[in-house]
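Structure record follows, encoded as structure tokens.
So you know, we letter chains A, B, ... as the sequences are listed, proteins then strands, and number each from 1.
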Amino acid sequence: MNVSGKNVVNSKKKVKILTGNHAAAYALRQARVGVMSAYPITPQSPVVEKISEFIEKGKLKARFLLVESEHSAAAACCAASATGSRVGTATSAHGLMLMYELLPWASGTRLPIVINLATRSCGAPWSVWDDHSDFITIRDVGWIQFMCEDNQEIYDTNIQAFKIAEDPRVNIPTIVAYDGYILSHTMMPIELENQEDIDTFLPPLNHHINLSDISQVKGVGPVTTPNIIKRKEGTAPGYYEFRYSLQKALENSINVIKEVHDEFTKKFGRAYGNGLFKTYKTDDADTIIFAMGSVSAQARTVIEKLREEGLKIGLVSLRLFRPFPIKYLREFFKGIKNIIVFDREIGYGYEGVLSYELKAALYGLKNPPFIKGFIVGLGGRDVRSEHIIEGVHKSLELAKKGEIIYETEYFGLELDELKDYDEQEFLKGGGK
Amino acid sequence: MVNVLDIVEDEYIHPGTRMCAGCAMALIYRFALKALGPKTILTVPASCLTVLHGMQGFCTTKLSVLHTPFATTGAAASGIVSSLEEKGLADEICVVAFAGDGGTTDIGIQALSGAAERGTNFIYACYDNEAYMNTGVQRSGSTPLGAFTATTPGGKTRPKKNMPKILEAHGIPYVATANGSYIFDLYEKFQKARDIKGTKYIHILSACPPGWGYDPKDTIKIGRLATETGFWPLYEVFNGKFILSKPSKKHLDASNRKPIEEYLIAQKRFKDIKQQDIDNYNSFIEAQWNEIKRRLENQ
Ligand SMILES: Cc1ncc(C[n+]2csc(CCOP(=O)(O)OP(=O)(O)O)c2C)c(N)n1
Ligand code: SF4
Ligand SMILES: [Mg+2]
């Protein structure tokens, strides 16, 4: 059984056993990307390698630009997209951060690019292992951001992502993230759809810019002014209007995201909650665990156990991180008593990002739920069932006392084991 | 060489300009676009050229332009080319990147090197006004020895980076130098580059009145002095063959070169240049021409 609630192994469809990275590669192939531009980085590299193989074998007729950095990869993606091609790529952590300058550029230019992100921690110190630090660093660049929970969801979300990003009501670049190693390198059975069915679901791109049509002269991404420009030839918006339209399109994209998700479900039979978040055992719940990706997957496994203790507990696994589905979350959490949030990243200097974003989203609800957040699993540290269970217990105790603690709390740290370690010496670069 | 009758009458820049009076770049761009013709897509990074391209909603050229962040020009051009290849339009449409010296020799060198190494089918043109002008005259890797800028108040202590040579080392089919004061030579080089397959690099010296410190009416004269003194020779390297361009031919004979001081003292940026630096200029010019002679003899 996967998170879409379907039992893939008994499917009559074509089933392949694939890693998360290869699920992404198959989806990019079946989405018929026209141009890919990428640069290798662990744990994303197998996406790039698989795509190279597809092209070599003639299974994908795309141009693959092997560039000299992620900064260039992202710039080439933007340019190819503006020239009218369907564009996809993949990266992780340092690669995403090197792309950073191009991310608000892509959204500001309204280019429907899709990036796959095999999540990884951000150095220093170096770590190739998983957490969601890279994913959250781009929360303010104006992209649509999905987080997946299994390999089928990676494949399905990619197909949906192109349709969403390219919808004329949207035209916003989209990132499809999945936990590095935990999904990127783990094999799972996946239903692959027929190419004809994908083609009807996702028709060829009709790009709103398309520089390749030289009969139309265009200046894409020019200088804008603080105020609008009025001339006898017409009136042009200022920077503020450009960016307002991006924000509005992001807000409205929620409807398109739901619509595309529902159409996908009707056509292919797999659903991911309401398309924005997935719920598990929430029907009678008054207590909810709120998390994303690998953390949600871990939480799923303990819900039953916690219920045996008599708790009316369920899980909300966030699928759409940006735009943050505020309206739907407020509606859902009405009447819920407790929410326990697990973040696999830190909003440094504050607390876990999901935790504070949820608090902000639910601000002003009548009889608001008690919300408590914990940090887990940075740099690939295991997120254990005990952590989730202990977090729930601790949170419920605090709720009973009405005690609100702002200090960030952690699970899985092993400071006790490091008794003789001198932090100052360590930071100087010393070691044993 | 082409003459005035060969230059197409079509203009690809609408009338009116945002450039300073006497800006060589505006002239260079005008004639380069004429040489390239209508089947061209441009990409331009942050620079004075961004300003030439005007404000939102009004494109000042009759050719489409993709603005791209400062460091990305080579990569952006590669993206456009890939997309055209995917659509089967790559042979029909010429992709041209136009960037300043800062965007080329400094922040964009990696993306340019990558594009050249991949053999991307495009023209990369660098207009070299020898500093970051758009941001108020700060030094770049292309600022020459002894030049005053806002970040080299005592004069630059290192010489200019030799970008054409760096590109030549990539083994691309066409590298050329040009100068805004020799517009027919420049026109011809763009026409030639347009019809060659692979990566083409044209580096154009571009005199800049406010940045260099001279009267705008002297732009052509100052630009010419750079070549007449032997400091900025005009040449092409076409499939490995070194070709000295017509305006520079007579400077093979050192006695036909004007003294470098004529060029330097005409510009305020060299106002405080030391004798030692002038000597360095002279030995640089001599070495440069000895190398040119060697290359011409050995091919
Ligand atoms: C990443 C980045 N850093 C800095 C800038 C600021 N900037 C814009 S144009 C420019 C200088 C451009 O110099 P050059 O390429 O020589 O062109 P010119 O202005 O001289 O025509 C700088 C530093 C920028 N736009 N982007
Ligand atoms: S600063 Fe120099 S290069 Fe820039 S517009 Fe003025 S004259 Fe031209
Ligand atoms: Mg410059």
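- With a 4.5 angstrom heavy-atom cutoff, Ile93(B) touches chain A only via side-chain atoms.
- Taking NE2 of His67(B) as the reference point, atom SG of Cys78(A) lies at 14.5 Å (rounded to 0.5 Å).
- For chain B, no part of Phe64(A) is nearby; none of its heavy atoms comes within less than 4.5 Å.
- Closest of all the heavy-atom pairs between Ser72(A) and Ala111(B) is OG-CB, 3.6 Å.
- Taking each heavy atom of Ser83(B) and Ser85(A) in turn, the nearest pair found is OG-OG, 2.6 Å.
- Ranked by heavy-atom pairs under 4.5 Å with chain B, the list Ala74(A), Ser69(A), Ala82(A) is led by Ser69(A).
- Between chain B and the residues Glu101(A), Glu233(A), Lys218(A), the largest count of heavy-atom pairs under 4.5 Å involves Lys218(A).
- Annotation: side chain of Thr224(A) is not in contact with side chain of Met55(B) (no heavy-atom distance under 4.5 Å).
- Proximity of Thr72(B) to Trp105(A): side-chain heavy atoms (C-beta onward) are nowhere separated by under 4.5 Å.
- Using a 4.5 Å heavy-atom threshold, the side chains of Tyr239(A) and Gln56(B) count as separate.
- For Thr225(A), the parts sitting under 4.5 Å from any heavy atom of chain B are the backbone and the side chain alike.
- Proximity to chain A is limited to the backbone of Leu63(B), based on heavy atoms less than 4.5 angstrom apart.
- Heavy-atom contacts from other residues, nucleotides or ligands closer than 6.0 Å to CG of Asp10(B) number more than 12.
- Both the backbone and the side chain of Leu211(A) come within contact range of chain B, judged by heavy atoms closer than 4.5 Å.
- Rounding to the nearest 0.5 angstrom, the gap separating the OG atom in Ser212(A) from the CD1 atom in Ile80(B) is 10.5 Å.
- Annotation: Lys62(B), atom NZ; neighbour count of heavy atoms from other residues, nucleotides and ligands within 6.0 Å is above 12.
- Counting heavy-atom pairs closer than 4.5 Å to chain B, the top-ranked of the candidates Arg231(A), Arg86(A), His71(A) is Arg231(A).
- Using a 4.5 Å cut-off between heavy atoms, Asn210(A) contacts chain B through its side chain alone, with no backbone atom that close.
- Contacts with chain B were tallied for Glu68(A), Lys61(A), Gln216(A); Glu68(A) has the most, counting heavy-atom pairs under 4.5 Å.
- To the nearest 0.5 Å, atoms OG (Ser78(B)) and CG (Leu65(A)) are separated by 5.5 Å.
- With hydrogens and angles ignored, the 3.5 Å screen pairs no side-chain donor or acceptor of Glu86(B) with any backbone N or O of Arg63(A).
- Looking only at side-chain heavy atoms (C-beta outward), Lys39(B) and Ile214(A) come within less than 4.5 Å of each other.
- Residue contact with chain A, scored on non-hydrogen atoms closer than 4.5 Å, is absent for Thr120(B).
- Closest of all the heavy-atom pairs between Pro222(A) and Gly54(B) is CB-O, 3.9 Å.
- Of the possible polar contacts, one joining the Lys87(B) side chain to the Gly84(A) backbone as a donor-acceptor pair under 3.5 Å is found.
- A 4.5 Å side-chain heavy-atom check between Val220(A) and Val65(B) finds every atom pair outside the cut-off.
- Of the two parts of Leu66(A), only the backbone, made up of N, CA, C and O, holds a non-hydrogen atom closer than 4.5 Å to a non-hydrogen atom of chain B.
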